[in-house]
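Encoded as structure tokens, the structure appears first; notes follow it.
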Amino acid sequence: MVKIAPSLLAADFSRLAEEVAAIEKAGAEWLHLDVMDGAFVPNISFGADVIAAVRRESHLLFDVHLMIEEPIRYISSFVKAGADLITVHLEACKDVKETLSMIKASGKMAGLSIKPNTPADAAYPYLELCDLVLVMSVEPGFGGQKLIPETLEKISLLKKETQRRGLDVLLEVDGGIQAENAPSAISKGADVLVAGSSVFRKPDYKEAISLIRG
Ligand code: DX5
Ligand code: ZN
């Protein structure tokens, strides 16, 4: 069954503890945490201290999506903050292999993300080091955008390539996921769907999650 990772970016920041408790109760498996530095993306969100505080309130798998330049500088901070999975952007790393290796050496799952205009095969040289590949289905930086349908083709390509090579790599889609387009992402092979506004901006989180799951 596909896993749902609600994105904290769309939650009510004045009530984070309540929001994460509600999302766990509503049946989410993962919590997606979007870290933005105002340099790699034109927006600033939150950092390791906020994640550490939320960590104390939740048992969910913490899926930390780093939209920051040279993320290698901050891997140890996010490990300490309680991340279970740390995803970095291929476009933001000077040395992708070294960055993924550092995440794995700290005992955490390593993810590699690609922006909408980065082709799927750009990730192929790194798949052996990845526990997950995150396909961005919007330009990173903001929640609440419309999914770019063409990006979903990359899920099919990555699924084929990982299967061909016998690799156990999860595929995650992030941006603009809603109940209407989730079936298309799932049919292409997505294992995890990030959902921000389509969960946290709905009155009933449980219903919102089950509608996305289909
Ligand atoms: C965008 C973030 C996404 C975003 C998803 O840069 O990486 O995780 O919060 O939000 P929705 O689901 O509203 O597009
Ligand atoms: Zn994200």
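Quick note: numbers below take in every heavy atom, side chains included, and nothing from hydrogens, waters or symmetry partners. Order of appearance sets the numbers: ligands from 1, and atoms from 1 within every ligand. In this text the structure is predicted, and so the values were computed from the model without any measurement.
Near V194, the atoms of ligand 1 lying under 4.0 angstrom from a non-hydrogen atom of the residue are 8 (O). The ligand atoms of ligand 1 that sit less than 4.0 angstrom from a heavy atom of P140 are 6 (O). Of all atoms in ligand 1, listed by their number and element, those nearer than 4.0 Å to a heavy atom of M67 are 6 (O), 7 (O). Per-residue contacts place H32 under 4.0 angstrom from the following atoms of ligand 1 (heavy atoms of the residue considered): 8 (O). Listed by atom number, the atoms of ligand 1 under 4.0 Å from H65 heavy atoms are 7 (O). Counting atoms of ligand 1 from 1 in the listed order, those under 4.0 Å from a heavy atom of A195 are 12 (O). Residue L9 has at least one heavy-atom neighbour below 4.0 Å for each of these atoms of ligand 1: 9 (O).
Neither the backbone nor the side chain of S198 has any atom closer than 4.0 Å to an atom of ligand 1 (non-hydrogen atoms only). Residue contacts with ligand 1, taken as heavy atom pairs separated by less than 4.0 Å, involve S7 solely via side-chain atoms from C-beta onward.
The number of heavy-atom neighbours closer than 6.0 Å to CZ of F142, taken from other residues, nucleotides and ligands shown, is above 12. More than 12 heavy atoms of other residues, nucleotides or ligands sit less than 6.0 Å from atom NZ of K104.
Annotation: atom 2 (C) of ligand 1 to nearest protein heavy atom, D34 OD1, 3.4 Å. Shortest contact from atom 6 (O) of ligand 1 to any protein heavy atom: G141 N, 2.8 Å. Given atom 13 (O) of ligand 1, the protein heavy atom at minimum distance is S197 OG, 2.4 Å. Of the protein's non-hydrogen atoms, the one nearest atom 12 (O) of ligand 1 is G196 N, 2.8 Å. For atom 5 (C) of ligand 1, the closest non-hydrogen atom of the protein is D174 OD1, 3.6 Å. Counting protein heavy atoms only, atom 1 (C) of ligand 1 is closest to F142 O, 3.6 Å.
In terms of N/O distances under 3.5 Å, ligand 1 is not approached by G175. Between G176 and ligand 1, at least one N/O pair is under 3.5 Å apart. For ligand 1, the polar-atom distance check finds no N/O of G143 at less than 3.5 Å from any of the ligand's N/O atoms.
Annotation for I209 and P6: closest pair CD1-CG, 4.4 Å, computed over non-hydrogen atoms. Closest approach of L193 and A182 over heavy atoms only: CD1-CB, 3.8 Å.
For the atom pair CG of L147 and CE of M136, the computed distance is 10.0 Å after rounding to the nearest 0.5 Å. Separating the CD atom in E19 from the OG atom in S58 is a distance of 12.5 Å, to the nearest 0.5 Å. Taking OG from S137 and CD from E172, the interatomic distance works out to 10.0 Å, rounded to the nearest 0.5 Å. Between atom OG1 of residue T151 and atom NZ of residue K115 there is a gap of 14.0 Å, rounded to the nearest 0.5 Å. With rounding to the nearest 0.5 angstrom, the CG atom of D95 is 10.0 Å from the CE atom of M102. Taking CD from E24 and CG from L31, the interatomic distance works out to 9.0 Å, rounded to the nearest 0.5 Å.
Using a 4.0 angstrom heavy-atom cutoff, G144 counts as in contact with ligand 1. Contact between R201 and ligand 1 is absent, with no heavy atom of the residue lying under 4.0 Å from the ligand. By the 4.0 Å heavy-atom criterion, M36 is counted among the residues contacting ligand 1.
By the 4.0 Å N-to-carboxylate-O rule, D49 lies too far from R55 to be salt-bridged with it. The pair E70-R73 does not count as a salt bridge, with every side-chain nitrogen at least 4.0 angstrom from each carboxylate oxygen. Looking at R213 and E29, a side-chain N of the basic residue comes within less than 4.0 Å of a carboxylate O on the acidic one, giving a salt bridge.
Between Y205 and F200, the angle of the ring planes goes over 60°, which puts this pair in the perpendicular group of the 30/60° scheme.
Any protein N/O/S atom under 2.8 Å from the Zn ion (ligand 2) was counted, giving 4 altogether.
Using a 4.5 Å cut-off on side-chain heavy atoms (C-beta onward), L170 and M109 make contact.
Side chain to side chain, D34 and H32 meet the donor-acceptor criterion of an N or O pair below 3.5 Å.
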